[in-house]
Amino acid sequence: MTETSTRGAPSASTADDYDHVAPYYDTLTAALPETNETVDFIADHAGSGRVLELGVGTGRVACPLSLRGYDVTGLDNSAGMLARLRSRSDGAKVDIALGSFTDPPVDGEFSLVYAVFNTLFCVISQNEQLRAIEQAAERLTPDGTLIVETDLPDLARSDSSGRTLNTGGVERNRVFIEAAMHDAATQRIRTQTIIVSEQGIQMFPLMMRYFWPSELDLMAKLAGLRLEARYGDWRRGPYSRDSSRQISVYRRADKPER
Ligand SMILES: C[S@@+](CC[C@H](N)C(=O)[O-])C[C@H]1O[C@@H](n2cnc3c(N)ncnc32)[C@H](O)[C@@H]1O
């Protein structure tokens, strides 16, 4: 792959990409260490009203949250991911909406809107990311909260052309490999997750646009929100130069500090 392949190159929509990954998503994310802590953190910020997850996927967070009694709506633009959510034994309590978080087809207000696990990176322009945050802010109750979790890309791991190659799980009958190409000019990273097994090779391409917390704060400010807290992990560990991710908690700027 050449570097130019990430520069303004057309990419399939994320809905197509996630439809493709949907049957494997739970396997690929099974090793995520912090799902319980994520649900605890989200529950602590849920308030007393409805909760909306942007890019709910297969319900990794929304399903356990709904089992705790929260009124959860899950929005996603991948019918395949939502079909997986619906098929879960604990998925019935989540209200589902099919559509984009840049124009959410959901009515009413929410005391919490959240987007975890790099979901806001899935729209690959600043305009779309800003639009998603504005749309979320518009749906918050007056004392509502927005939570955004994203990784902090470790660009030092790329070679001089922006490439990285990582080995994921190594099992007896299959190996998970992730190849990535970073383009600093567009803040985009194209990834290929490759599963090599006795049955053959499967490839799961994704494109994302990352942003740093400073850009996120500015987009939130434009959307009428202010940062209340930022953490480096779901256990409320400090956000610091050593953090590999950030979790930001925003409230409406017109509300007094709690
Ligand atoms: C990284 S996955 C996260 C899924 C889930 N939140 C989790 O933590 O496991 C990103 C999800 O966002 C969805 N998505 C991507 N772009 C979207 C958009 N514009 N509108 C709604 N959902 C979108 C994808 O289909 C996918 O389910």
Side-chain angles (χ1 to χ4, degrees), residues 11-43 51-66 70 72-88 90-91 94-106 110 112-136 138-139 146-151 153 168 178 180 188-193 204-211 219 233-234 245-247:
S11 64
S13 80
T14 55
D16 292 342
D17 289 340
Y18 274 98
D19 283 349
H20 180 53
V21 87
Y24 307 93
Y25 184 83
D26 293 338
T27 306
L28 291 168
T29 58
L32 278 182
E34 284 196 332
T35 295
N36 287 339
E37 286 88 345
T38 308
V39 177
D40 289 343
F41 185 101
I42 298 287
V51 175
L52 173 65
E53 178 166 356
L54 309 179
V56 69
T58 60
R60 183 179 66 88
V61 175
C63 291
L65 191 65
S66 72
Y70 295 96
V72 184
T73 298
L75 170 67
D76 208 286
N77 67 351
S78 161
M81 295 293 272
L82 291 178
R84 300 294 293 188
L85 191 163
R86 272 187 230 275
S87 71
R88 284 175 65 138
D90 58 355
V94 178
D95 280 333
I96 285 172
L98 175 65
S100 176
F101 48 64
T102 56
D103 194 11
V106 290
F110 297 85
L112 173 65
V113 179
Y114 67 94
V116 297
F117 198 26
N118 298 324
T119 289
L120 288 188
F121 288 177
C122 291
V123 284
I124 57 172
S125 70
Q126 188 188 59
N127 274 345
E128 290 171 292
Q129 290 168 341
L130 173 59
R131 167 110 183 147
I133 294 167
E134 287 172 339
Q135 291 290 309
E138 278 180 23
R139 283 161 179 80
L146 172 69
I147 295 174
V148 177
E149 178 203 16
T150 56
D151 285 344
E178 187 178 276
R188 289 180 185 168
I189 300 177
R190 179 188 292 283
T191 63
Q192 270 285 5
T193 301
F204 303 100
L206 288 176
M207 176 76 97
M208 62 180 76
R209 177 187 186 269
Y210 64 88
F211 46 72
M219 291 193 286
D233 62 50
W234 289 110
R245 77 175 78 163
Q246 65 81 34
I247 297 154

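Indexing begins at 1, ligand by ligand and atom by atom, following the structure's order.
- Ranking protein heavy atoms by distance to atom 10 (C) of ligand 1, first place goes to Thr119 OG1, 3.4 Å.
- Residue, atom and distance of the protein heavy atom nearest to atom 8 (O) of ligand 1 are Arg60 NH2, 2.8 Å.
- If you check the side chains of Ser78 and Asp19, you find a donor sitting under 3.5 Å from an acceptor.
- In this structure, Asn118 falls outside the shell of residues with a heavy atom less than 4.0 angstrom from ligand 1.
- Nearest approach of Asn77 to Ala15, heavy atoms of both residues: O-CB, 3.1 Å.
- Residue Ala22 places no heavy atom under 4.0 Å from ligand 1.
- What you find for His20 and Phe204 is that their closest heavy atoms are CD2-CD2, 3.6 Å.
- Among all heavy-atom pairs drawn from Thr58 and Arg88, the shortest one is O-CD, 3.1 Å.
- Considering backbone and side-chain N/O of Ser78, none are found under 3.5 Å from N/O of ligand 1.
- Considering backbone and side-chain N/O atoms, Gly55 comes within less than 3.5 Å of an N/O atom of ligand 1.
- Close contacts of ligand 1 with Cys122, meaning ligand atoms under 4.0 Å from a residue heavy atom, involve 10 (C), 15 (C), 16 (N).
- Near Met81, the atoms of ligand 1 lying under 4.0 angstrom from a non-hydrogen atom of the residue are 27 (O).
- With a heavy-atom cut-off of 4.0 Å, Ser100 touches ligand 1 through backbone and side chain alike.
- Looking only at side-chain heavy atoms (C-beta outward), Ile96 and Arg86 come within less than 4.5 Å of each other.
- Gln129 approaches Leu120 most closely through the heavy-atom pair NE2-O, 3.3 Å.
- The residue among Tyr25, Phe117, Tyr114, Phe101 with a heavy atom at the shortest distance from atom 9 (O) of ligand 1 is Tyr25.
- Looking at Asp76 next to ligand 1, an N or O pair under 3.5 Å apart turns up.
- Taking a cutoff of 4.0 Å between a charged side-chain nitrogen and a carboxylate oxygen, Arg245 and Glu34 qualify as a salt bridge.
- In the model, Asn118 has no side-chain atom that pairs as donor or acceptor with a side-chain atom of Thr150 under 3.5 Å.
- Residue Gly99 approaches ligand 1 through these ligand atoms, each under 4.0 Å from one of its heavy atoms: 20 (N), 21 (C).
- Here the side chains of Val116 and Trp234 are in contact, with some heavy-atom distance below 4.5 Å.
- Under a 4.0 Å criterion applied to the non-hydrogen atoms of Gly57, ligand 1 contributes the atoms 4 (C), 27 (O).
- At a heavy-atom distance under 4.0 Å, only side-chain atoms of Glu53, from C-beta outward, approach ligand 1.
- Residue contacts with ligand 1: Thr29 is excluded, as none of its non-hydrogen atoms falls under 4.0 Å.
- In this structure, Arg84 is not positioned above the aromatic face of Tyr25 in the sense of NZ or CZ being under 6.0 Å from the six-membered ring centre and within 45° of the axis.
- Taking every heavy atom of both residues into account, Pro153 and Ile189 meet most closely at CB-CD1, 4.3 Å.
- Residue Leu54 does not touch ligand 1, judged by heavy-atom distances below 4.0 Å.
- Here's the thing with Tyr18: none of its N/O atoms is less than 3.5 angstrom from an N/O atom of ligand 1.
- Of all the heavy atoms in Arg131 and Thr102, the pair that sits closest is NE-O, 2.7 Å.
- The contact set between ligand 1 and Val123, taken as ligand atoms under 4.0 Å from a residue heavy atom, comprises 19 (N).
- By the 4.0 Å heavy-atom criterion, Thr102 is excluded from the residues contacting ligand 1.
- Of all the heavy atoms of Asn77, the ones lying under 4.0 Å from any atom of ligand 1 are found in both the backbone and the side chain.
- Looking only at heavy atoms of the protein, atom 16 (N) of ligand 1 is closest to Thr14 OG1, 3.2 Å.
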Quick one: do Met219 and Glu134 satisfy side-chain contact (heavy atoms from CB on, under 4.5 Å)? Show the steps, please. CA-CA 8 Å; Met219 291 193 286; Glu134 287 172 339; over 6 Å; no

